[in-house]
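Contents: one structure, followed by commentary.
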Amino acid sequence: MSKPIRTGIFEKTLADLTHALEQSLFAETISRQAGLLQALDPRVKIISILSLLLSVSLSHNLPVLLSLYGLALLLAWLSSIPLDFFIKRVWLFMPFFTGLIALPALFITPGPVFVSLPFGLAITKTGAVTVLFLLLRVSTSVSLGVLLILTTPWTALLKALSILRVPEGFLLILGMTYRYIFLLLLTAEDMFLSRRSRILGRLRPAEARRILAASAGTLLSKSLSLSSEVYLAMQARGYRGQSRTVNAFQMRSIDWAWGSGIIFIAALAVWLGR
Amino acid sequence: MQRDLETASATSPVFEFCDVSFAYEGNQPALELVNLTLQAGESLAILGANGSGKSTMLKLMDGLYFPTSGKLRAFGKPLTEQALAEESFNFDFRRRVGLLFQDADVQLFSPTVFDEVAFAPLQTEWTGEEVIRRVESALRTLRIEKLRDRAPHRLSGGEKRRVALASILSLDPSVWLLDEPSAGLDPRSQSWLEDFIIDQVRAGKTMVTATHDLSLAEVVANRVCVFNETHRLVADGPPAEILSNQNLLAECNLIHEHRHPHTGVASEHRHPHVHSPSHEHNHPAG
């Protein structure tokens, strides 16, 4: 029986990267389906999510923070986001990032002992509360951010950022980055696939590295020539360094009501959690 | 200046090439001593093999590249880097001339189809309402209203080509420069494209189509010029005359001799892929 051919690590990484970008950056399927947050003007969504984020940061009360996390879950459910997917997406990386940062605080924060451990270690009550607050704040904030990204098409989100006075030139560059990162990733994937189709047997590590370096060089050269062609295409349609966009958003009464309601809730949370 | 250009263009040719040569960096020649005059309302097909200089010619016409030597005029005025640096000339020129790039991915740089089609009108001084009206009209004409919120990277080749055309149509230029517009299109999209070009010609637009697709040139052009592989313009005339000159087309690598079986016997002959002007159609009575 012949040995199965091993997939090169760089090809696999590229395929995974493309897949991950597709999934995480755009989340188009969810952002375009019917739901509460999807129906709102993206500008209102940005302002309301920002005000909730602010209230999460300023609140010092555990029930208030738990309520805000509950509100995030409720909004996800009302926006037709599968809750298991939503919770997993937020909590999957929490232990690695926030957890590692918060871990020492369990032991080094002065206060009454909560749990005694071997080797003279002890988790203090104050330390446990500090870590709980930190985890809850971060998870609620990340949940709110994920809500915004999942329920707003990336392009609408970029446009709506102009309400925060983000310069239009910067938004144009972000939009083009989003557009061409895909094209170049797909080109890179095609390059590696075409290499693989012509490789018989197993490559020596030095040869694999040489192919990887040559492909990276080719990709860089392609991206340079693509960027100059794109600039010509912009010039051809009258671009002279000033970017302009059409504001196609329209505020409706539901947007005003939603915005005011959420800002009121955020202010209430800050007042109750002070 | 703008009024000057309008007055000049009413009587002047759209483009005048006078001994124009162009070389890329490193002195790699792309065009050699080109002489050509294009009048308003003409539909010109530029034929040539890959690398013969067709795309470069279009970029010169669109004021994106400038001649290394020789003179180029557009609407009766010199088309130079200095002239295009002047705001009013640049505005008027870009408003009148639209270029369809060979690679649609180059031309579709905006995040959504709507933004793409709105890009050129937004560079003008039209109001927001006027821009939206023009975008909607272009989307309707190209029958791509349903794609308005889609990202260009998710479109098929034919859809990308339609969006690229809509992104020019929204500006309604009087001169269209099309670089290999039929490349990569399926037969239905190609037929639709031919109709689109014919409609523009009938509307009085000046069309320049660079292609090596002889059947497209035959259908859409009323004048054909041919570049050879040394980047020289070697023929210029009516389609029937140029497309029936098989020696010329073979010399310029536009047709070739190849083998394929006829009635079970391999035969060799030149293959021009050109329809006879007198070929029959069956039209329904009435």
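Residue numbers begin at 1 in each chain, while the letters A, B, ... track the order of the sequences. Computed from a predicted model, the values in this text were never measured in an experiment.
Atom CG of Leu74(A) has more than 12 heavy atoms from other residues, nucleotides or ligands within 6.0 Å. Atom CH2 of Trp126(B) has more than 12 neighbouring heavy atoms from other residues, nucleotides or ligands inside a 6.0 Å radius. In this structure, Glu87(B) places its CD atom where only 12 or fewer heavy-atom neighbours from other residues, nucleotides or ligands lie under 6.0 Å away. Heavy atoms of other residues, nucleotides or ligands lying less than 6.0 angstrom from CZ of Arg252(A) number more than 12.
In this structure, Tyr239(A) contributes its side chain and Phe119(B) its backbone to no donor-acceptor pair below 3.5 Å. The main-chain N or O of Gln107(B) is found under 3.5 Å from a side-chain atom of Arg237(A) such that the two form a donor-acceptor pair.
Contacts between residues 225-233 of chain A and chain B, counted as heavy-atom pairs separated by less than 4.5 Å, involve Leu226(A), Glu229(A), Val230(A), Leu232(A), Ala233(A).
At a 4.5 Å heavy-atom cutoff, the contact between Val131(B) and chain A is made by side-chain atoms alone. Asp105(B) touches chain A through backbone and side chain together, each having a heavy atom under 4.5 Å away. In this structure, chain A has a heavy atom under 4.5 Å from the side chain of Phe101(B), while its backbone stays farther away. Contact annotation for Ser167(B): both backbone and side-chain heavy atoms come within less than 4.5 Å of a heavy atom of chain A. Only the backbone of Leu84(B) comes within less than 4.5 Å of a heavy atom in chain A; its side chain stays farther off. Contact annotation for Glu129(B): neither backbone nor side-chain heavy atoms come within less than 4.5 Å of a heavy atom of chain A.
The residue among Asp115(B), Asn90(B), Asp62(B) with the most heavy atom pairs within less than 4.5 Å of chain A is Asn90(B). When the candidates Leu99(B), Leu171(B), Val106(B), Val135(B) are compared by the number of heavy-atom contacts under 4.5 Å with chain A, Val106(B) comes out ahead.
What you find for Gln123(B) and Arg240(A) is that their closest heavy atoms are OE1-N, 4.5 Å.
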